[in-house]
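Below is one structure; the comments refer to it alone.
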Amino acid sequence: MMTITNTDFNEVIYGRRTIKKYNPEVKINREEMSQILKEATLAPSAFNLQPWRFVVIESQEAKEKLLELAPFNSTQVITSSAVIAVFGDLEFANRADEIYGRAVELGHMPQEIKEKIISTVVPLFDRFSVQEKRESVMVDGGLVTMQLLLTAYAHGYATNPMSGFNKEKIAEAFGLDATRYIPIVIISIGKAADEGRPPVRLPIDDIAQWK
């Protein structure tokens, strides 16, 4: 297991930039992209139900389809190695038995705890309205998105999270059920072609309160 030092952590936190132009010659292979996604999905999730789903848009054909839905982000789409579309699955509770069953198999959870969660948590989410489910997957989607950005940087790649795309059509455009899968964000990823601008943030005293 990799040990992260304070220096490594500071480099990831302070070194990450939002990049709009990438080196189009650099392609991330599927093995490494899968590893980046695997590490990103270690992000927290409500009751560990992991509602996030990803579509990795990397072929020329798929990118051209995305360009129709995100015309104002054309440079990022064209030059990046790929664009990762993050969705939230409104039927996330359906995977509960699989997830908790695996936890039992690995010895992370006793069988009785699994049964208790399945009998209480799943009915709870089943009673949620569509809006409540949307709110839940948006929170978890935000967590996995931020972890994906930091993970990509740790692998030596730049990213740019983008919300400027046609949210009404993107699920269907890539073969997903639009009533089930909620678009959260699209993220371009690749090798940066420029350094990007350092972030400027408001002072903590302006945005935080102590009570």
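Computed from heavy atoms alone, side chains included, the values below leave out hydrogens, waters and symmetry copies.
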- Task: Take Ile57 and Phe174 through the side chain to side chain contact (heavy atoms under 4.5 Å, CB included) test and state the conclusion after the steps.
- Result: CA-CA 9 Å; Ile57 302 165; Phe174 291 100; 3.6 Å; yes

- Note on the structure: The reported gap from CG in Asp97 to CD in Glu115 (rounded to nearest 0.5 angstrom) is 10.0 Å

- From the options Arg16, Arg17, Glu11, select the one residue that forms a side-chain hydrogen bond (donor to acceptor under 3.5 Å, both in side chains) with Tyr153. Glu11

- Quick one: pull up CZ in Arg180 and CG in Leu176 and give me the separation to the nearest 0.5 Å. 9.5 Å

- Message: For a 4.5 angstrom cut-off between non-hydrogen side-chain atoms, does Tyr14 reach Pro198?
- Response: no

- Please report the closest heavy-atom contact between Leu90 and Arg134, naming both atoms and the distance. CD2-N, 3.8 Å

- Polar side chain donor-acceptor pair, Glu31 to Gln35, under 3.5 angstrom: no

- State yes or no: do Trp52 and Ile84 share one hydrophobic cluster built from I, L, V, M, F, W and Y residues joined by side-chain heavy-atom distances below 4.5 Å, directly or via other members? yes

- Report yes or no: do Met146 and Val185 belong to one cluster of Ile/Leu/Val/Met/Phe/Trp/Tyr joined by side chain heavy-atom distances under 4.5 Å? yes

- Any link between Leu66 and Phe72 through a network of hydrophobic side chains (Ile, Leu, Val, Met, Phe, Trp, Tyr) touching at under 4.5 Å? no

- Could you tell me whether Asp89 and Arg53 make a salt bridge, using a distance below 4.0 angstrom between a side-chain N and a carboxylate O? yes

- Query: Got Leu37 and Leu148 here, is their nearest side-chain heavy-atom distance under 4.5 Å?
  - Reply: yes

- Query: Between His155 and Glu39, does a side chain to side chain contact (heavy atoms under 4.5 Å, CB included) hold up when you go through it step by step?
  - Reply: CA-CA 11 Å; His155 277 256; Glu39 292 166 7; 2.8 Å; yes

- Query: If you take all heavy atoms of Val77 and Val83, which pair is closest and at what distance?
  - Reply: CA-CG2, 4.1 Å

- Task: Could you tell me the separation between the OH atom of Tyr100 and the CD1 atom of Ile118, rounded to the nearest 0.5 Å?
- Result: 6.5 Å

- Message: When you compare the side chain of Val86 with that of Phe54, does any pair of heavy atoms fall below 4.5 Å?
- Response: yes

- Transitively linked via ILVMFWY side-chain contacts under 4.5 Å: Leu149 with Ile184? yes

- Within the distance-only criterion (no hydrogens, no angle test), does the side chain of Asn73 pair as donor or acceptor with the backbone N or O of Gln76 below 3.5 angstrom? no

- Identify the heavy atoms of Val122 and Ala93 that sit nearest to each other, and give their distance. CG2-O, 4.3 Å

- Query: Honestly curious: do Val121 and Met109 fall in one hydrophobic cluster under the side-chain, below-4.5 Å linking rule?
  - Reply: yes

- Item | Shortest non-hydrogen separation from Pro44 to Leu143 and the atoms involved | O-CD1, 3.6 Å

- Query: Centres of the Tyr22 and Tyr157 rings: under 6.0 Å?
  - Reply: no

- Between Met162 and Ile187, is any pair of side-chain heavy atoms under 4.5 Å apart? no

- What distance do Ile99 atom CD1 and Asn94 atom CG have between them, rounded to the nearest 0.5 Å? 10.5 Å

- Report yes or no: does Ser81 contribute a side-chain atom to a donor-acceptor pair with the main-chain N or O of Ile28 at less than 3.5 Å? yes

- Message: Using a 6.0 Å cut-off, check whether atom CD of Glu195 has over 12 heavy atoms from anything other than its own residue.
- Response: no

- Message: Any non-hydrogen side-chain atom of Ile207 less than 4.5 Å from a side-chain atom of Leu202?
- Response: yes

- Evaluate the criterion side chain to side chain contact (heavy atoms under 4.5 Å, CB included) for residue pair Ile189 and Ser80; output intermediate values, then yes/no. CA-CA 6 Å; Ile189 179 172; Ser80 65; 5.8 Å; no

- Message: Please determine whether the number of non-hydrogen atoms from other residues, nucleotides or ligands lying under 6.0 Å from atom CD of Glu172 exceeds 12.
- Response: no

- For the residue pair Ser74 and Leu67, what are the closest heavy atoms and their distance? CA-CD2, 3.6 Å

- Item | Point-to-point distance, once rounded to the nearest 0.5 Å, from CD1 of Ile186 to CD1 of Ile170 | 5.5 Å

- Pick from Lys63, Arg30, Lys65, Lys27: which one makes a salt bridge (charged side-chain N to carboxylate O under 4.0 Å, His left out) with Glu58? Arg30

- Message: Just by distance, no angles: are the side chains of Gln131 and Lys133 close enough, under 3.5 Å, to form a donor-acceptor pair?
- Response: no

- Could you pull out all residues at least two apart from Glu61 that satisfy side chain to side chain donor-acceptor pair (under 3.5 Å)? none

- Item | Spatial distance of atom CD1 (Ile204) from atom CD (Gln209) [nearest 0.5 Å] | 12.5 Å

- Answer yes if the side chains of Asp140 and Ser45 hold a donor-acceptor pair under 3.5 Å, and no otherwise. yes

- Message: Please find the pair of heavy atoms, one from Ile19 and one from Ala158, that lie closest to each other, and give the distance.
- Response: CG1-CB, 3.4 Å

- Message: When you measure from the side chain of Lys169 to the backbone of Phe165, do you find a donor-acceptor pair of N or O atoms at a distance under 3.5 Å?
- Response: no

- Criterion side chain to side chain contact (heavy atoms under 4.5 Å, CB included) on Gln50 and Arg95, from CA distance to verdict: CA-CA 9 Å; Gln50 308 163 51; Arg95 304 294 293 270; over 6 Å; no

- Would you mind reporting whether Ile13 and Leu150 have side-chain heavy atoms less than 4.5 Å apart? yes

